[in-house]
Amino acid sequence: MELWKKKAVELLAGLALTDAKNPAVQPYTPQKLSVSMPEGNFFRRTSPEKHGIPSARLCAMLREMEANPAVNIHSLLILTEGDVVLDVSAPGYGSHIRHLAHSMSKTVTGLALGFLYDEGKLDLSEKLITYFPEIPYRDKRFPDITVEHLLSMSAGIPFAEAGSVTDSEWTKTFFDTQMKTEAGAEFFYNSMNSYLLARIAERLCGKSFLDYVKEKLFTPLDISDFEWEIGVEGVVKGGWGLYLSAESWAKLGDLVLNGGTFRGVRLLSEEWIARMTSPHSVTKADTGDFNYGYQIWVERDGDEILFNGMLGQNVWISPKNKIVAVITAGNNELFSRSPSLDILRSYLKEARIPYGDDAKAGEKELAAAEKNFFVRRHWLRPKTPNRGLSVLLGFRKKKPFDEQITPLLGTWKFRSNNDGILPLFVRLMQNNYAGGIRSFTFSRLGDRLYFESEEETQTFRMEVGLYGFAETVLDFGGEKYIARAMMEAMEDVDRNLVYKFEIVFPEMPNTRFFRLSFGTDGTLLVSMSENPNQRIAECYLASVKPSGKLGALMDLVSKRLTPDAITAKLTAVFNPTFICVKADDPRAEQILQREETLRSLTLGENRLVLSFVRKITAEDGAPQESKNPLSGFLSLFGFGKRRDTSDTAVTAEDVVEVLPAPEEDVPSQNG
């Protein structure tokens, strides 16, 4: 197994199976250095009827999206013929706040390469090794890789996005990786292809790729609020890491829709846009209804074009209807197989209709739907401000403090852990770990509520809204994020106080949720979750059935633990639960020690699974071509191994190597 894969397994095993304060396998470098400075409206807002789209149809579309639990849209903007006819955002989000695009970044890289092509500087048939003669390669087939193979995702190299958090020499490792397929043989999606394109562009244009993109693309499109994360080699990531608002993505979509012109000015040649949006790679059916062009998706049986990023980021273009639709989201999905996109396409693929007599009624209904988009779906229900004459005369406060929060005030201590308020998915992608939560503190200042999370390396403090989101900018080790927080206090069916606490990161697909309730002994139960969540991992793990010797070993592990043990461990790390105790409680040390002991039992059980994982990753362990459930999760980031069908016999040595002696399995109750 290659070193970067072993490190990725080591990283995930450290998170799921230990309480390691910092499971990172390479040094951390801040990548997201600023927060969004929202731009104003660029496009004119008009009624959809003026462009032949019934408001009633858009209302029906929004209702269907809200009713589908798999759809978690942050912003939806629809542009047609240069006018915005729909602009909606869920509570906490906005179409003018830049949002992490994940793999939609690739399309911007593809557009940027077009400028070099138009200038005669880029030859699509040029070999990759021509641009990096100083870097040796391993596979004898490697010299066959061309620029076009990188553009069309057919280079056949498996070193992918996961390598960004497990390796510090991306280009060298890309060249040193054994090829999965011959160049051009088949579609093999890999974000590192796009990264190499960004590096090639820098060598051709003589300046930083980001400066080139800004000069050639962003400035002409009047895009000023952007950020593109820089990789460890000092070059933007190319295939991911770009933050743009929905309004800015609409500009890029409009450029493609109009064949390289924007507001009548030609930026890119019609030839390059035609090349980009022609199918160059045939994709598998499970990726959706689109084949692949040059860093962009193209409909198999139609003319639709798609920018796509994981977790539900999409720019959908319908040339026949002259529509650009932008979706930013936090969905449990990959590629273009997306419930939100399916709903959108079902309503907007239809032909336009003439302006109707009932347009004004439809427009009023749509205005209400826009104002209340996803409000009914929102996990929290904020308090309603007081109204009436007594408020107007000053006898009552409009937004008084919620006294149900009072029992929560104070500092609550945690047992040892490696969790944090930054969602796990973000920590993994950014290699950013704060070392575990030590305590939560809730405090009151007048009628305002404040929350403080003391973590191993930093303390984070923010205001928490009771009548809506309160905004704070948080700095996680040099990475800055807008955080919007809100809390709701309520009584459960037994009239016990329960608190729902949410932190929205509007620049990200990711959200943090907390549910807090009191135990009968005065402790506080804190249940944490996030969205998107463990289902992304589960969609891979559930389908993996290890075979051969590896499968037999997994059966032994399952018998010693529970079925789907590794799946359960990975799922649990997305949804940790803690028993916390008030810092001034005289029983605090005793209760936390009890929690540490209970946790040690789980960690003892985890050592069994960890031994199994180490067996898998050992160079002299399972055959290299075998596949394990953890690798399914890793394939989320672009790598995995094929199934092994070799000898299934399990020897006594295999069992001894994988399974610790019983007394080492789980500590005794006495420690």
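Here the structure is a predicted model, which means the values were calculated and not measured.
- For the pair Lys106 and Trp240, the NZ or CZ position fails the cation-pi test of under 6.0 Å to the six-membered ring centre and within 45 degrees of the ring normal.
- For the side chain to side chain contact (heavy atoms under 4.5 Å, CB included) test with Pro532, the passing option among Asn331, Asn510, Asn72 is Asn510; the others fail.
- For the salt bridge (charged side-chain N to carboxylate O under 4.0 Å, His left out) condition, the pairs that include at least one residue of residues 24-34, sequence neighbours left out, are Lys32-Glu507.
- At distances below 3.5 Å, at least one donor-acceptor pair connects side-chain atoms of Ser89 with backbone N or O atoms of Ser95.
- Remark: the backbone N or O of Pro279 is not paired with any side-chain donor or acceptor of Asn291 at under 3.5 angstrom.
- Note on ring orientation: taking the six-membered ring where Trp is involved, the planes of His99 and Tyr93 are tilted (angle from 30° to 60°).
- A salt bridge does not link Glu502 to Arg484: none of the charged nitrogens lies less than 4.0 Å from a carboxylate oxygen.
- With Thr277 as the partner, the side chain to side chain contact (heavy atoms under 4.5 Å, CB included) test is satisfied by one option alone out of Leu257, Asp303, Ile305: Ile305.
- Annotation: side-chain contact (heavy atoms from CB on, under 4.5 Å) contacts of Ile230 (sequence neighbours excluded): Val236.
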Report task. Start with the C-alpha gap between Ser208 and Glu202, add the side-chain angles, then the distance that decides, and say whether side chain to side chain donor-acceptor pair (under 3.5 Å) holds. Result -> CA-CA 6 Å; Ser208 81; Glu202 286 204 344; 4.9 Å; no
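- Side-chain atoms of Arg512 come within 3.5 Å of backbone atoms of Gly420 as a donor-acceptor pair (strictly under, hydrogens ignored).
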Requested in this report: In sequence, state the C-alpha distance, the side-chain angles, and the governing distance for Glu186 and Ser154, and then conclude on side chain to side chain donor-acceptor pair (under 3.5 Å).
Outcome: CA-CA 6 Å; Glu186 63 181 72; Ser154 59; over 6 Å; no
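- Distance alone, capped at 3.5 Å, places no donor-acceptor pair between the Tyr433 side chain and the Asp419 backbone.
- Using a distance-only test at 3.5 Å, with no hydrogens or angles considered, a donor-acceptor pair links the side chain of Asn190 to the main chain of Met192.
- Between Phe43 and Phe262, the angle of the ring planes goes over 60°, which puts this pair in the perpendicular group of the 30/60° scheme.
- Other residues, nucleotides and ligands place no more than 12 heavy atoms under 6.0 Å from the NZ atom of Lys172.
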Query - Step-by-step ring-ring contact (aromatic ring centres under 6.0 Å, His included) determination, His102 to Phe307 - result: CA-CA 10 Å; His102 286 301; Phe307 309 6; over 10 Å; no
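- Remark: Thr109 engages Leu113, Leu197, Phe209, Trp228 in a side-chain contact (heavy atoms from CB on, under 4.5 Å) (not counting sequence neighbours).
- Listed by chain and number, the residues in a side chain to side chain donor-acceptor pair (under 3.5 Å) with Arg345 are Asp289, Glu299, Glu304 (sequence neighbours excluded).
- Arg377 is linked by a side-chain contact (heavy atoms from CB on, under 4.5 Å) to Glu66, Phe374, counting only residues two or more places apart in sequence or in another chain.
- Scored by the side chain to side chain donor-acceptor pair (under 3.5 Å) test, Glu479 finds Gln430, Asn432, Tyr481 as partners (sequence neighbours excluded).
- Taking the six-membered ring for Trp and the full ring otherwise, Phe335 and Tyr189 have centroids separated by under 6.0 Å.
- One N or O on the side chain of Trp272 and one on the backbone of Gly110 form a donor-acceptor pair closer than 3.5 Å.
- Taking the six-membered ring for Trp and the full ring otherwise, Phe513 and Phe501 have centroids separated by 6.0 Å or more.
- No side-chain donor-acceptor contact under 3.5 Å links Ser248 to the backbone of Arg98.
- A donor-acceptor contact shorter than 3.5 Å links the side chain of Arg300 to the backbone of Gly288.
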